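Bear in mind that the values here come from a model prediction, so they are computed numbers and not experimental data. Every chain is numbered from 1, with letters handed out A, B, ... down the list of sequences.
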There are 2 protein chains.
Amino acid sequence: MGDTIAVEKISVDCKQHLRAINDTQDLLSGKWKVMIIGCLALGKKRYMELQRMVEGIGSKMLSKELQELEINGLITRTVQDTKPITVEYELTEYGRTLKPIIDAMALWGVQHRKKIITAK
Amino acid sequence: MGDTIAVEKISVDCKQHLRAINDTQDLLSGKWKVMIIGCLALGKKRYMELQRMVEGIGSKMLSKELQELEINGLITRTVQDTKPITVEYELTEYGRTLKPIIDAMALWGVQHRKKIITAK
DNA sequence: CAGCATCCCTTAAGATACTG
DNA sequence: CAGTATCTTAAGGGATGCTG
């Protein structure tokens, strides 16, 4: 009986664990979000800068994913009153809490590439 | 001139950084891979166990994503000679190096959910 | 510069049914 | 139990052109 309770508890914990992973993944869904955040982790960036940094991204996808990130409170969008206007994107404090994830992914990617190359 | 070189170096570093992030994302692409790895991080699991743990995944997606993970050397697949046969999946040592990423995602997801709930 | 609108196409992924 | 085969759909995403 005690065992059953223990097993159920583990099972519940596991579900929550997986749900948490899923939540995170959802917020970072899309082909470019993680890279965009990776860019913004280096500091505030303008629309054009982002498009240049994130190689291959189109204007449509860039604005779409930026909007989603903004909606989720991960970045801010600030219009500069210049001529013509410029827009700056920046990670919010909350967005910065994603840094451990991004860093872990970047680090793993670097090691992985090393591994693949030496394996050849 | 020194500046130009410095800027270029930063630029190159950034590209590599983003490429690394991208590589990692590619290997974890698909709706279920991260969760599957999250399950296997708890220990070896059978096909059926995985399907029960990862709520909502269908048989087709499960085997597809497992195959991809195996191809990339992140998990092993072992057929047990029972009747009927059972198959066990397990993270490889290399697959286990993904743990920091998975953990970071799980942790963030938990915090995020807390934040959302208290915000209401 | 920053971004929207439109069109188009590929792919991911779900449902269902079947096999050794 | 551990998958495979087939079909279908929804969505993601690219290309292009246009606007304030």
Legend entry - Rounded interatomic separation in angstrom, taking CD from A:Q25 and C1' from C:dA13: 14 Å
Legend entry - By ring pair (Phe, Tyr, Trp, His ring centres under 6.0 Å) - contacts of A:H17 (at least two apart): none
Legend entry - Selection: residues 83-90 of chain B, any non-hydrogen atom under 4.0 Å of DNA chain D: B:P84, B:I85, B:T86, B:V87, B:Y89
Legend entry - Positions of residues 48-77 of chain B (non-hydrogen atom under 4.0 Å from DNA chain D), listed by number: B:M48, B:S59, B:K60, B:S63, B:Q67, B:R77
Legend entry - Pairs flagged by salt bridge (charged side-chain N to carboxylate O under 4.0 Å, His left out) wherever residues 76-89 of chain B is involved - sequence neighbours left out: B:K44-B:E88
Legend entry - Length of the NZ-P vector between A:K33 and D:dG12, whole Å: 9 Å
Legend entry - salt bridge (Lys or Arg N to Asp or Glu O under 4.0 Å) involving A:K60 - partner list, sequence neighbours excluded: none
Legend entry - Side-chain touch B:M53/B:L42, heavy atoms, less than 4.5 angstrom: yes
Legend entry - In one Ile/Leu/Val/Met/Phe/Trp/Tyr side-chain cluster, 4.5 Å: A:M48, A:I75: no
Legend entry - Side-chain touch B:E90/B:L40, heavy atoms, less than 4.5 angstrom: no
Let me have the donor-acceptor pairs involving side chains of residues 26-37 of chain A, under 3.5 Å, with sequence neighbours excluded, atom names and distances please.
residue : atom : partner : partner atom : Å
A:S29   : OG   : A:D26   : O            : 2.9
A:K33   : NZ   : A:S29   : O            : 2.5
A:K33   : NZ   : A:E68   : OE1          : 2.5

Inset, instruction - Inspect the surroundings of CD in B:E55 and state if more than 12 heavy atoms from other residues, nucleotides or ligands are less than 6.0 Å away. - result: no
Legend entry - Between D:dA15 (C1') and A:K31 (NZ): distance, integer Å: 13 Å
Inset, instruction - Please state how far atom CG in A:L28 lies from atom C1' in D:dG12, giving the value in whole angstrom units. - result: 17 Å
